[in-house]
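Note that the numbering runs from 1 along the sequence shown for the chain. This structure is a prediction, so every number in the text was calculated from the model and none was measured.
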Amino acid sequence: MRAFLKSAFGSVIAVVVFFAVVSFFSVRSSRTMIVTQAEEAVRNLVKTTTGKIDRLMSDVETAVASQKWIIGEKLSDPDYMYKITRELVENRPYIVGSSVAFKPNYYKSKGRFYAPYTCQDADGSLKCFQLGTEDNDYFTQSWYADAFKARKAIWSEPYFDEGGAKIMMSTYSMPICDSATNICAIFTADLSLAQLMDYVAQIRPYKNSYVIMKAGDKVLVGGEEEKAKRAGAYVGKVLNIVDRADNGWTVEVGCPIEEIMRGPQKIINRIIVFSALGLCLILGVSVFYTSRLQKSTAMRERMAGEFNTARNIQSGILPKDFPENVYAVLRPAREVGGDLYDFVRRGDKIYFIVGDASGKGVPAALFSFMAEAAFQMCCSMNLDPGEICGRINEALSRNNEMSMFVTAFVGALDLKTGELKFGCAGHNPPVIVTADGKASFLTVKRGPPTGAISGIFYPCQTAQIPRGAKILVYTDGITEAERVNHAQYGESRLLEFASACGERDVRSTTVGLLSSVDCFVDGAEQSDDITIMTVGMPA
């Protein structure tokens, strides 16, 4: 007996050490994965911003080039230049001003200065006037002088226009030549930077993120003061991404690592607690078997209490504070299960997930928690559901030596428009229940379950959800629930139940489906985890 106890104790110590090592490397690899994915998301955001700058300036260049030939044909009619500049500003909302600035005394009747100019007024109307005066000598201004000297089209450095539109702008200047190929005028288009600067200033992937936009040495958005204020407390621990647009302007976004990890760290802590609970359960089982000859009855009661604690912890981790248009239940087949559900409200959108991990018990529960952690992190970056499925797949497929997987349905419902974006990784299609009681399965393209193979692309699919309709998402524990004679609940009974729920709210629909399954199985033992989530579209 003593040798047996010694062997059992050694086995328990080995298992504890093994789980401790696995937990340590899992937490470290999860942190690295989260930071890496955050870096990729921020890099894509910065590239999108510089791409927006490039496209905007390219549109201005194309618009100016398309009008150049008209000026050459109308040089004999100086007043026609007002019509050209007006048409350019009127038809292109991103251009707030345009002029044809002629060289000194080009038209003797017009005097030394002649620069027909059209710009948007404060109320959005257009006004035309002659830009050049003794007090506004445009010949000395960089947008004119530099283009004249370079003999080619150029962009000016950003500046505040005192003489024209009274806003921060950058001017695209293109030389106009007469029939003798001599430069006679500079044709300009003024690009307002106000909207672009506002767009860049609002880039905040995380609470204490900072953003800086520069044109050469000129800072247009943010600056070192804001950078120091927002990230100064995290010196040496800031994810910093910089990208340069084709025109040389740069956009820099910085995110403190501590801010990136703030949300996912809560999930990691839950995983650590649950792993510790698993070790306690293993220890309890070992103690039970080593002392079963003397304490079999007492240990059975203790184990039952520990399993109930495990169930309570898993239940406590799941969201319980439901908004009025979301409700969900999860009932594991064993003490703990591999099903999962979660949701995140961001503005007018609700992101939600229902998943089913392969296997049962603690391993499946741990795997489902990893999927939930990846989902939470992706929601914080406003990724679409297809990309969220891909990120979850990459997170679970790393070092997946047990070849476990998670089927998942991820959705993002816009509560204003009713647009449902979703991704499906091998999961059952949800049921759409309209307010008048019409029930049908959502048409989905199912990709492989997450975690099976890395590098899978999951498309982002869309559907329109009518006002007052409900999205009923479930795991296969519903359709595959069996009676003693192995008859299954099935999809037809699911649709029949859903068609009677047109006027029910999300809570009664969810609870009612669970009751319907229980009534059907008539006391038969539950063989699979059951999860139901109902998401309602406001009427």
Side-chain angles (χ1 to χ4, degrees), residues 26 29-30 33-34 37 267 271 314 318 328 330-334 336-343 351-379 383-412 420-431 441-461 463 471-481 488 490-491 494 527-533 535:
S26 295
S29 62
S30 296
M33 176 198 71
I34 291 168
Q37 292 187 348
I267 304 299
I271 294 175
Q314 182 180 40
L318 295 171
L330 187 156
R331 190 170 71 188
R334 297 182 180 178
V336 289
D339 277 11
L340 70 108
Y341 71 81
D342 205 352
F343 62 90
Y351 291 81
F352 58 93
I353 182 173
V354 171
D356 183 359
S358 58
K360 302 287 188 299
V362 173
L366 289 172
F367 215 59
S368 69
F369 281 143
M370 291 178 65
E372 181 185 2
F375 170 77
Q376 286 277 351
M377 187 268 295
C378 291
C379 288
L383 302 180
D384 66 58
E387 191 170 359
I388 291 176
C389 288
R391 295 294 180 90
I392 294 175
N393 180 62
E394 293 305 308
L396 299 184
S397 60
R398 287 191 180 94
N399 302 319
N400 185 10
E401 296 179 358
M402 297 179 64
S403 299
M404 296 183 69
F405 58 86
V406 175
T407 69
F409 181 89
V410 180
L420 173 67
K421 294 183 178 181
F422 61 93
C424 184
H427 202 78
N428 304 67
V431 177
F441 288 106
L442 179 67
T443 301
V444 302
K445 296 180 180 178
R446 296 203 293 182
T450 61
I453 306 173
S454 64
I456 299 297
F457 170 76
Y458 295 89
C460 181
Q461 306 171 60
I471 307 166
L472 183 59
V473 196
Y474 56 93
T475 56
D476 57 12
I478 292 292
T479 53
E480 296 177 6
Q488 294 188 341
E491 294 181 347
L494 175 60
S527 61
D528 197 2
D529 303 330
I530 289 177
T531 299
I532 310 167
M533 173 181 279
V535 181

For this session: Walk me through it: do Leu420 and Leu442 pass the test side-chain contact (heavy atoms from CB on, under 4.5 Å)?
Result: CA-CA 11 Å; Leu420 173 67; Leu442 179 67; 4.1 Å; yes
For this session: Begin with the C-alpha distance, continue with both residues' side-chain angles, and end with the deciding distance and a verdict on side-chain contact (heavy atoms from CB on, under 4.5 Å) for Leu472 and Leu494.
Result: CA-CA 10 Å; Leu472 183 59; Leu494 175 60; 4.2 Å; yes
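Here CE of Met370 is found 12.5 Å from CG of Leu340. Values are rounded to the nearest 0.5 Å. To the nearest 0.5 Å, atoms CE (Met404) and CG (Leu366) are separated by 8.5 Å. Between Met33 atom CE and Arg398 atom CZ the span is 6.5 Å, to the nearest 0.5 Å. In this structure, Tyr351 OH and Gln376 CD are separated by 12.5 Å, a value rounded to the nearest 0.5 Å. Atom CD of Glu491 and atom CZ of Phe441 lie 4.0 Å apart (nearest 0.5 Å). To the nearest 0.5 Å, atom OG of residue Ser368 and atom OH of residue Tyr341 are 12.0 Å apart.
Residue Ser527 comes nearest to Ala333 through the heavy atom pair C-CB, 3.9 Å, listed as atom of the first residue, atom of the second, then distance. In terms of heavy-atom proximity, Gly411 sits nearest to Pro385 at C-CG, 4.1 Å. The heavy-atom pair separating Leu396 from Ala371 by the smallest distance is CD2-N, 3.9 Å.
In this structure Glu387 satisfies the salt bridge (Lys or Arg N to Asp or Glu O under 4.0 Å) test together with Arg391, sequence neighbours excluded. For Phe375, there are no ring pair (Phe, Tyr, Trp, His ring centres under 6.0 Å) partners two or more places apart in sequence or in a different chain.
Between Phe409 and Phe422, a ring centre-to-centre spacing shorter than 6.0 Å is recorded.
Of the possible donor and acceptor atoms, one in the side chain of Ser358 sits under 3.5 Å from a partner among the backbone N and O of Phe405. Side-chain atoms of Asp339 never come within 3.5 Å of backbone atoms of Asp356 as a donor-acceptor pair (strictly under, hydrogens ignored).
Between Met533 and Phe343, some side-chain heavy-atom pair lies under the 4.5 Å cut-off. With a 4.5 Å cut-off on side-chain heavy atoms, Asp529 and Thr475 do not count as touching. Side-chain contact between Thr479 and Tyr474 is present, with at least one heavy-atom pair separated by less than 4.5 Å.
Considering Thr531, Ile530, Ile532 in turn, Ile530 is the only one that fulfils the side-chain contact (heavy atoms from CB on, under 4.5 Å) rule with Arg331.
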Pair up each side-chain donor or acceptor in residues 444-455 with any protein partner under 3.5 Å, not counting sequence neighbours, and list the distances.
residue: Arg446; atom: NH1; partner: His427; partner atom: O; Å: 3.2
residue: Thr450; atom: OG1; partner: Val406; partner atom: O; Å: 2.7

